[in-house]
Amino acid sequence: MKHNAIGWFDIYVNDMERAAAFYEAVFDKELEDLTDPTDSRVLMKAFPTDMESYGAGGALVKREGAGPLTGGTIVYFGVEDCLSEQAKVSEAGGKVVQPKTSIGEFGFVSICMDTEGNLFGLSSMQ
């Protein structure tokens, strides 16, 4: 079986409550508590994930020695229309860095910054 390159992602945060509230507001989805099987001191909140479906699952992670990084890797969330979630970003305490932009046959993207300083993308076909 062929696999896509990404199987899971972690978004590092400094303030779990603030970060979880931000992503829950932008995506209208409740994040779920998750435990790290290797370290009980790590706090995690997972995005709703069906491991049998297309796409990667992931979580917000608060871990000693790791934190947000602006300008590093960008995770793109697949959405119906970038404009919908993009409109919620500022209201939830984040910032729209690059408004919805066409990427030709691949659809559209928006680049945003969360409350922790992480960049993330929104990707849609409309």
Full working for side chain to side chain donor-acceptor pair (under 3.5 Å) between Y12 and N118: CA-CA 8 Å; Y12 289 108; N118 292 302; over 6 Å; no
Given the rule in the side chain to side chain contact (heavy atoms under 4.5 Å, CB included) test, do V61 and I11 qualify, once you have shown the distances and angles that lead to the verdict? CA-CA 6 Å; V61 178; I11 297 174; over 6 Å; no
What verdict does the salt bridge (Lys or Arg N to Asp or Glu O under 4.0 Å) test give for D15 and K62, after you've listed the backbone C-alpha separation in whole Å, the side-chain angles of each residue and the deciding distance to 0.1 Å? CA-CA 8 Å; D15 185 326; K62 182 174 181 176; over 6 Å; no
Does the pair K29 and E24 meet the rule for a salt bridge (Lys or Arg N to Asp or Glu O under 4.0 Å), with working shown? CA-CA 5 Å; K29 299 196 184 305; E24 288 175 343; over 6 Å; no
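In this structure, F22 is a member of the same hydrophobic cluster as M16, with clusters built from ILVMFWY side-chain heavy atoms closer than 4.5 Å. When hydrophobic clusters are built by joining Ile, Leu, Val, Met, Phe, Trp and Tyr residues whose side-chain heavy atoms come closer than 4.5 Å, directly or via intermediates, F106 is grouped together with I74. Both V75 and L122 are members of a single hydrophobic cluster when ILVMFWY side chains are connected at heavy-atom separations under 4.5 Å. In this structure, L60 is not a member of the same hydrophobic cluster as V42, with clusters built from ILVMFWY side-chain heavy atoms closer than 4.5 Å. Residues M44 and F27 fall into different hydrophobic clusters, defined by Ile, Leu, Val, Met, Phe, Trp and Tyr side chains chained together at heavy-atom separations under 4.5 Å.
When every heavy atom of S110 is checked against every heavy atom of C82, the shortest pair comes out as OG-CB, 3.4 Å. Listed here is the closest heavy atom pair of T115 and G94: CG2-N, 4.3 Å. The heavy-atom pair separating V89 from V26 by the smallest distance is CA-CG2, 4.0 Å.
In summary, R63 and D36 engage in a salt bridge, as defined by a charged side-chain N under 4.0 Å from a carboxylate O. Between R41 and E64, none of the side-chain N atoms (NZ, or NE/NH1/NH2) sits under 4.0 Å from a carboxylate O, so this pair counts as no salt bridge.
A distance of 11.5 Å separates CE of M113 from OG of S90, quoted to the nearest 0.5 Å. Rounded to the nearest 0.5 angstrom, E116 CD and N14 CG are separated by 5.5 Å. Remark: Q86 CD to S124 OG distance equals 9.5 Å, nearest 0.5 Å. The line from NZ of K88 to SG of C112 is 12.0 Å long, rounded to the nearest 0.5 Å. Rounding to the nearest 0.5 Å places CZ of F108 at 9.0 Å from CD1 of I103.
Side-chain atoms of P68 and D114, non-hydrogen and from C-beta on, never get closer than 4.5 Å to each other.
Atom CD of E30 sits in a sparse spot, with 12 or fewer heavy atoms from other residues, nucleotides or ligands closer than 6.0 Å.
F120 and Y76 have their aromatic ring centers separated by at least 6.0 angstrom.
Under the salt bridge (charged side-chain N to carboxylate O under 4.0 Å, His left out) criterion, D33 pairs with K45, sequence neighbours left out. The side chain to side chain contact (heavy atoms under 4.5 Å, CB included) check on Q98 picks up T101, V109, I111, with sequence neighbours excluded.
The backbone N or O of G104 sits less than 3.5 Å from a side-chain atom of S102, completing a donor-acceptor pair.
Classification of the F9-F77 ring pair by plane angle, with boundaries at 30° and 60°, yields perpendicular.
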